[in-house]
Peer 1: 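Got a structure for you, questions after.
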Amino acid sequence: MNKAVFLDRDGVINQERGHYTYGLEEFILNDGLFEALKVFQDKGFLLIVITNQGGIAKGLYSNADVEILHNYLIETLTKKGIHLTEIYYCPHHPDTGICLCRKPGSLMLEKALARFDIEASKSYFIGDNERDIIAGKAVDVNTIHIEPNTPLTTIIDQVV
């Protein structure tokens, strides 16, 4: 079985700004991101992003806007020799209806665990919000809570 590091997006990968991030000019990668992801990858972890993008349901931005940011992220990481296995995002928001995929729900994690044959007990979910921790614990993934915009290099030793 595989092992994975699951990562929330806003606040973990890129700067949390206190409101929705959907334009490239606002999408600023956090310090230490490349170094930490490279270490995780070199230690055999799959790298998977799990993110709520409720601004889509609110009509603030589109799926296409999210795809532009995610393609930019993939291209930037690829240039650094880092491979993202997958990016899962929930386009729903509780103000517009109920869904099963939005964190703290665990459906996105469940899909990734099954699709990539991942052993939960050897995997980690790094998040800056309690909903990330709740989602990870629901599927028995080890969880690491960080403050928003904390360099991932500060928690490498908790994973490897």
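Since this is a predicted model, take the numbers as computed values, not measurements.
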Peer 1: Would Ile87 and Tyr72 show up in the same hydrophobic cluster when neighbours are defined by side-chain heavy atoms closer than 4.5 Å?
Peer 2: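 Ile87 and Tyr72: one cluster.
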
Peer 1: Donor-acceptor pairs are to be reported for all side-chain atoms of residues 153-160 against protein atoms at under 3.5 Å, with residues two or more places apart or in another chain.
Peer 2:
{"unit_1": "Thr154", "atom_1": "OG1", "unit_2": "Pro151", "atom_2": "O", "d": "2.7"}

Peer 1: Taking a hydrophobic cluster as the set of Ile, Leu, Val, Met, Phe, Trp and Tyr residues connected by side-chain heavy atoms closer than 4.5 Å, whether directly or through intermediates, do Phe6 and Ile146 fall within one such cluster?
Peer 2: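 No, Phe6 and Ile146 fall in different hydrophobic clusters.
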
Peer 1: Taking only residues two or more places apart in sequence or in another chain, which ones pass side chain to side chain contact (heavy atoms under 4.5 Å, CB included) with Lys111?
Peer 2: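 Testing Lys111 for side chain to side chain contact (heavy atoms under 4.5 Å, CB included), a comparison that skips the adjacent residues, returns Tyr88, Leu107.
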
Peer 1: So, the side chain of Asn129 versus the backbone of Arg131: is there a donor-acceptor pair under 3.5 Å, distance only?
Peer 2: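 Between the backbone of Arg131 and the side chain of Asn129 there is a qualifying donor-acceptor contact (under 3.5 Å).
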
Peer 1: Considering residues at least two apart in sequence or located in another chain, which fulfil the side chain to side chain contact (heavy atoms under 4.5 Å, CB included) criterion with Asn142?
Peer 2: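 Checked Asn142 against side chain to side chain contact (heavy atoms under 4.5 Å, CB included); matches are Tyr124.
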
Peer 1: Rounded to the nearest 0.5 Å, what's the gap from CD1 on Ile118 to CD on Glu110? Could you check?
Peer 2: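 Here the interatomic distance stands at 12.5 Å.
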
Peer 1: Can you tell which of Leu7, Asp8, Leu47 makes a side chain to side chain contact (heavy atoms under 4.5 Å, CB included) with Ile13?
Peer 2: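 Among the candidates, only Leu7 passes.
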
Peer 1: Tell me if a side-chain donor or acceptor on Gln41 pairs with a main-chain N or O of Gly81 at a distance below 3.5 Å.
Peer 2: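 Between the backbone of Gly81 and the side chain of Gln41 there is a qualifying donor-acceptor contact (under 3.5 Å).
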
Peer 1: Under the rule for salt bridge (Lys or Arg N to Asp or Glu O under 4.0 Å), what residues qualify as partners of Asp42, not counting sequence neighbours?
Peer 2: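 Partners of Asp42 by the salt bridge (Lys or Arg N to Asp or Glu O under 4.0 Å) criterion, ordered by chain and then number, come out as Lys38.
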
Peer 1: Could you check whether any side-chain N or O of Asn30 sits under 3.5 Å from a backbone N or O of Asn14, counting only pairs where one atom can act as donor and the other as acceptor?
Peer 2: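 Confirmed, Asn30 side chain pairs with Asn14 backbone.
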
Peer 1: Taking only residues two or more places apart in sequence, or in another chain, which ones meet Glu86 in a salt bridge (Lys or Arg N to Asp or Glu O under 4.0 Å)?
Peer 2: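 Residues passing salt bridge (Lys or Arg N to Asp or Glu O under 4.0 Å) with Glu86: Arg115.
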
Peer 1: Treat each ILVMFWY residue as a node, draw an edge where side-chain heavy atoms are under 4.5 Å apart, and state whether Met108 and Leu113 are in one component.
Peer 2: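 In one cluster: yes.
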
Peer 1: Same cluster or not: Val5 versus Ile82, using hydrophobic residues (I, L, V, M, F, W, Y) connected whenever any side-chain heavy atoms lie under 4.5 Å apart?
Peer 2: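 Per the 4.5 Å side-chain linkage, Val5 and Ile82 are co-clustered.
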
Peer 1: Ignoring hydrogens and angles, state whether a donor on the side chain of Tyr20 or Asp10 is under 3.5 Å from an acceptor on the partner side chain.
Peer 2: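 No, no side-chain donor-acceptor contact under 3.5 Å.
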
Peer 1: Could you state the interatomic distance from CZ (Arg9) to CG (Leu73), rounded to the nearest 0.5 Å?
Peer 2: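 Separation between the atoms: 8.5 Å.
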
Peer 1: Checking Asp65 side chain against Ser62 main chain: does a donor-acceptor pair fall under 3.5 Å?
Peer 2: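 The answer is yes, because a donor-acceptor pair under 3.5 Å joins these two groups.
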
Peer 1: Backbone N or O of Phe116 within a donor-acceptor pair of the Asn2 side chain at under 3.5 Å?
Peer 2: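 Checking the backbone N and O of Phe116 against the side chain of Asn2, a donor-acceptor pair under 3.5 Å is found.
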
Peer 1: Under 3.5 Å, is there a donor on one side chain and an acceptor on the other for Gln53 and Tyr61?
Peer 2: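 Checked: Gln53/Tyr61 side chains pair up, N/O donor to acceptor below 3.5 Å.
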
Peer 1: If hydrophobic clusters are built by linking Ile, Leu, Val, Met, Phe, Trp and Tyr wherever their side-chain heavy atoms come under 4.5 Å apart, do Leu152 and Phe27 end up in the same one?
Peer 2: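 Linked within one cluster.
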
Peer 1: Are the side chain of Lys3 and the backbone N or O of Lys43 linked by a donor-acceptor pair below 3.5 Å?
Peer 2: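 Yes, Lys3 side chain to Lys43 backbone: donor-acceptor pair under 3.5 Å.
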
Peer 1: Roughly how far, to the nearest 0.5 Å, is CD of Gln15 from OG1 of Thr21?
Peer 2: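 One finds 9.0 Å between OG1 of Thr21 and CD of Gln15.
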
Peer 1: Please find the pair of heavy atoms, one from Lys58 and one from Asp95, that lie closest to each other, and give the distance.
Peer 2: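 Taking Lys58 first and Asp95 second, the nearest heavy atoms are CE-OD2, 3.6 Å.
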
Peer 1: Sequence neighbours excluded, which residues qualify as salt bridge (Lys or Arg N to Asp or Glu O under 4.0 Å) partners of Glu130?
Peer 2: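 Salt bridge (Lys or Arg N to Asp or Glu O under 4.0 Å) list for Glu130, sorted by chain: empty.
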
Peer 1: Ignoring hydrogens and angles, tell me if any N or O in the side chain of Asp128 forms a donor-acceptor pair with the backbone of Val12 under 3.5 Å.
Peer 2: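 Side chain of Asp128 to backbone of Val12: no pair is present.
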
